[in-house]
Structure formats: structure tokens, C-alpha cells
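Below, chain A is the first sequence line, B the second, and so on; all start at residue 1. Since we're looking at a predicted model, the values are computed, not measured.
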2 protein chains.
Amino acid sequence: MARKSSETSPVRRGRPPAYDVQTALKRATESFWKTGYSGTSLDKVAAATGMSPPSLYAVFGNKHALYLEALARYWDISLAATREALTGDHPLDEALMLAYDAALSVYFSGKGHARGCFVVGTAVTETAEDAAIRKSVATGLRAIDADFEARFRLAQDKGELKRDADPATLAILAAATMHTIAIRARAGTSRAELRELARKAVDVICG
Amino acid sequence: MARKSSETSPVRRGRPPAYDVQTALKRATESFWKTGYSGTSLDKVAAATGMSPPSLYAVFGNKHALYLEALARYWDISLAATREALTGDHPLDEALMLAYDAALSVYFSGKGHARGCFVVGTAVTETAEDAAIRKSVATGLRAIDADFEARFRLAQDKGELKRDADPATLAILAAATMHTIAIRARAGTSRAELRELARKAVDVICG
DNA sequence: AGATATTTGTATGGATCGTTATAAAAATCA
DNA sequence: TGATTTTTATAACGATCCATACAAATATCT
């Protein structure tokens with residue numbers, strides 16, 4: 001569900017906003033990505049976005065709603081990237097590696113230390129006590145599982161995979177590989193080592 | 001490295017401490033487990049432990065040192081549990097399931113909502129900006145990997161595993177399965193479903 | 001131009017943050 | 001008993017937290 005922006009009246013009335021909402025959301029995401037939801041103050045977000053606190057509240061509601069929107073945006077982007085890698089016309093093992101490469105380029109996209117996955121690195125912590133964040137995470141995880149499973153099912157139909165393999169189980173292992181990469185990236189493992197890890201995991205998963 | 005406790009002089013001089021350090025550390029761990037490091041104030045920890053803030057500082061130093069000690073204690077306990085499961089005299093698949101069952105009973109040990117893994121649920125968030133926590137997490141992850149790998153190597157020697165299997169790669173997949181369980185438990189997946197997930201993953205991993 | 005509408009920056013409110021000063025309380029020592 | 005040692009509870013410190021009141025700024029409308 002996208003934020004309303006240009007579908008409002010073509011000519012707006014008062015003083016024009018000084019900052020673009022989407023880039024502000026991106027900057028806010030980067031702030032939360034570093035130090036988590038609880039560990040990131042709204043002042044930090046304001047500094048990162050260049051917006052004043054009142055503007056942030058006018059646009060996003062409050063800190064919690066802002067984080068939820070950042071989380072939804074991250075899911076949108078990363079689910080699309082995973083799906084694109086898996087639905088392209090590549091052999092099974094290549095498709096899986098494309099998905100992991102896409103994830104790695106996100107996990108190592110920051111300036112300083114590797115940030116890992118935004119969900120695993122910041123949202124999972126909040127899921128224990130925050131129902132809204134928990135729901136977003138649970139839904140996203142199911143979507144990833146489904147995308148992997150669909151690809152394995154297709155592979156089985158095309159004869160890329162043994163008949164007795166269980167696509168649902170292989171999907172769990174493929175997702176688990178993604179998750180362990182997300183954790184390890186944030187914990188300091190190098191990108192090269194993680195890519196090798198993915199390569200070996202793919203070899204086992206594809207049989 | 002254990003905290004000094006009873007190896008001091010048998011007869012101590014001043015007013016005796018009212019609370020046991022180990023149980024206080026356990027209570028503090030449970031506080032952080034719910035809402036994470038940044039999301040848990042020292043007042044909350046004080047309320048959970050029954051200790052006053054000055055007592056907490058006298059015993060543990062500060063909030064950061066207290067969390068690090070809680071993290072070290074958690075690693076000690078969970079690594080010991082995993083190692084016990086894997087080094088017992090069981091067939092490979094049974095040993096792996098014992099390890100996952102041990103983890104599950106920890107992840108679902110709380111009163112309210114499932115807490116998942118303390119490391120994945122609270123420490124990973126901090127690893128991006130906190131070098132000390134990152135080091136603890138990295139070391140612990142390597143230890144888990146090594147324990148799994150040793151068990152797979154043993155299985156290969158005993159003929160439980162195919163000759164061409166790579167113990168290091170299987171260890172990564174076994175650890176990845178543990179990690180995805182840790183994430184999903186905190187995100188709301190039921191214990192029964194996670195056990196089934198583990199069962200299927202073990203079947204694939206063991207070939 | 002004047003009225004209206006919307007965003008902006010500043011400044012701050014009340015609560016909570018991590019941490020510590022202080023003195024009373026409770027033990028052993030002489 | 002009185003001095004010494006250690007822990008305790010209370011209270012508060014300055015800093016920071018999330019959130020908002022307010023008025024100046026900047027646009028379109030009549």
C-alpha cells in the first residue's frame with residue numbers, strides 16, 4: 001500500500017514541503033538500520049532526514065508508525081528483488097545464487113560496518129512485544145518461503161529437481177540460508193565468505 | 001570466565017548482600033530478552049531483579065557490562081546444551097533433533113509470548129554499532145558451527161553419512177536451521193510447527 | 001493586495017534515560 | 001560498646017526521550 005502523494009489535487013494550497021517523502025523514508029530506514037528501533041531517537045531520524053520533528057510527525061504520525069512504514073518499504077523492495085531473481089529464466093542453482101547475491105548487495109550496501117538485513121537486524125528484536133511489527137515480520141517471512149517454494153516446484157516440474165524432493169522443505173532450507181547470512185553479515189562475517197557459504201548451501205539444497 | 005563469588009574470604013565484613021548475583025543476572029537476562037538492550041531501561045532491570053540501581057552498578061559496573069555478562073551467560077548455557085545433545089551417544093538425526101529440541105525449549109521458556117533466541121532476538125541488533133557485543137556474537141556463532149561440524153565429521157567416520165558429504169557445509173545448514181527457528185519463534189510461529197520444520201530439515205541434511 | 005492554507009523552524013513540556021551522591025542500615029572487628 | 005566496613009534505599013543529577021505549541025514563512029485563492 002503506497003503512500004498518497006501525487007494523486008491529490010494537482011495544485012496544492014499552502015507552503016510547499018521542502019523534502020521528498022520517499023527519500024526521507026529511505027534516510028529514516030538507514031537510521032533505524034544502524035541502531036535499531038529502540039536505539040534510534042527521533043532526533044537522530046530528524047537529523048538524518050533533514051526534517052524537523054514536527055514535519056516528521058505531520059507526515060508519518062509518530063515514531064512507531066514511521067518505523068512500520070520503513071519496514072513495509074523494506075519488505076516491498078527486498079521481496080521484489082528476491083522474486084525477480086527467482087522468476088527469471090535461469091537454472092535453479094543460478095536463480096538461488098542471484099537471490100543471495102541480491103540480498104548480499106543489500107546487506108553490505110552501507111557506508112560503514114555491514115548492516116545485514118533490516119528485518120533480522122532491527123525488526124525481530126521488537127517482535128516479542130510489538131504485535132504490529134510481529135505481524136509484518138511474520139507475513140514477510142511467509143512470502144519469502146512461498147517464493148522459494150514456487151521456484152522449487154517449478155524446478156521439479158521442469159525436471160531440474162529429483163521427483164522425491166519436497167519443495168516446501170527445500171524452501172525452508174533456502175530461507176534458512178538467507179537468514180543465517182543476514183545474521184552473520186551483521187555480526188561481521190565478510191561478504192566473500194558469505195557468498196561462498198551460499199554457494200555451498202545451494203549445492204547441497206539442489207542435490 | 002565466572003564471576004568471583006564464594007572464593008573470597010569466608011567471613012565478610014560489612015552488611016551482607018540481600019540478593020544472589022546469579023539469580024539477579026538471570027532476571028536481568030529475562031528483562032533484556034523481552035525488549036532488547038536499547039529497549040530495556042535500567043529501572044526495568046532493577047524492578048525485575050529486586051535490586052536498586054546503585055546495587056546493580058556496584059555489582060556489574062554499568063548497563064553495557066551487565067548486558068555483556070548476561071550475553072556471556074546465555075552463550076555458556078546454550079552452547080553447553082547444544083554440545084551435550086550432539087556429543088551424546090545417539091544416531092546423527094536423533095542428535096540433531098535433540099539439539100533443536102533443546103533450543104526450542106529455551107525459545108519457548110518464557111511466560112508470555114515466545115521469546116526466541118536471546119542472541120538472535122537482542123544481541124544481533126546491537127552488533128552493527130557495538131564492537132564488544134559483535135565479538136561475543138561472532139565467537140558464539142563460530143562455536144556452534146564447530147560443534148555441528150564435529151558431529152558431522154564423526155558421523156562420516158562412523159559411516160552414518162555419505163563419503164562425499166562436506167561436514168563444514170552441512171554444519172552451516174544445521175546452524176542455519178537453528179537460526180531460522182530462532183527468528184520464526186520470536187515472530188510467532190508455533191513450537192509444533194517449528195519442530196516439524198526441524199524434522200524435515202534434518203531429513204534433508206542427513207541425506 | 002488581502003485572506004486562506006500548509007509547512008517550516010524554534011523552543012519547550014513532561015517523562016524517562018543512565019548514573020551517582022548521600023546517608024541510614026546491618027554486619028564484623030577491636 | 002564503639003569503630004570499621006559494606007550494602008542498602010532514597011533522591012536527584014544532567015541529558016535525552018517522544019511529542020507538540022507557537023508563530024514566522026511561503027504558497028494559492030479571491
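- Cys117(B) has its side chain out of reach of Arg186(B): every pair of non-hydrogen atoms, C-beta onward, lies at least 4.5 Å apart.
- Within residues 32-44 of chain B, the residues approached by DNA chain C to less than 4.0 Å at the level of any non-hydrogen atom are Thr40(B), Ser41(B), Leu42(B), Asp43(B), in residue-number order.
- For residues 121-133 of chain B, proximity to DNA chain D is found at no residue, defined as any non-hydrogen atom under 4.0 angstrom from a strand atom.
- For Glu94(B), the CD atom is densely surrounded, since the number of other residues' heavy atoms within 6.0 Å is greater than 12.
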Practice task
Start with the C-alpha distance between Ser136(A) and Trp75(A), add both sets of side-chain angles, then the distance that settles side-chain contact (heavy atoms from CB on, under 4.5 Å), and finish with yes or no.
Solution key: CA-CA 9 Å; Ser136(A) 174; Trp75(A) 272 126; 3.4 Å; yes
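- Along DNA chain D, read 5' to 3', the first and last nucleotides having any atom under 4.0 Å from a heavy atom of chain B are dT4(D) to dT10(D).
- Between Asp203(B) and Thr169(A) there is no side-chain heavy-atom pair separated by less than 4.5 Å.
- Atom CZ in Arg184(A) sits 12.0 Å away from atom OG in Ser190(A) (nearest 0.5 Å).
- Note on Arg151(B) versus Glu160(B): salt bridge recorded, some NZ/NE/NH1/NH2 to OD/OE distance being below 4.0 Å.
- Arg27(B) and Thr23(B) are not linked by any side-chain donor-acceptor pair at a separation below 3.5 angstrom, with hydrogens and angles left out of the test.
- Phe118(A) pairs by the ring pair (Phe, Tyr, Trp, His ring centres under 6.0 Å) definition with Trp33(A), Tyr67(A), Tyr74(A), not counting sequence neighbours.
- Taking the ring centre of Phe32(B) as origin, the terminal cationic atom of Lys44(B) falls outside the region bounded by 6.0 Å and 45° from the ring axis.
- Within the structure, side chain to side chain donor-acceptor pair (under 3.5 Å) contacts touching residues 96-108 of chain A (residues at least two apart or in different chains) are Asp101(A)-Arg195(A).
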Handout entry: Worked verdict on Leu56(A) versus Asn62(A) for side-chain contact (heavy atoms from CB on, under 4.5 Å)
Key = CA-CA 8 Å; Leu56(A) 281 172; Asn62(A) 58 21; over 6 Å; no
Problem - Contact pattern, 5' to 3', of nucleotides 3-10 of chain C - B, S or - by protein heavy atom under 4.0 Å - result: -BBBBSBB
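- Look at Glu69(B) and Arg73(B) and you find no salt bridge, because none of the NZ, NE, NH1 or NH2 atoms lies under 4.0 Å from a carboxylate O.
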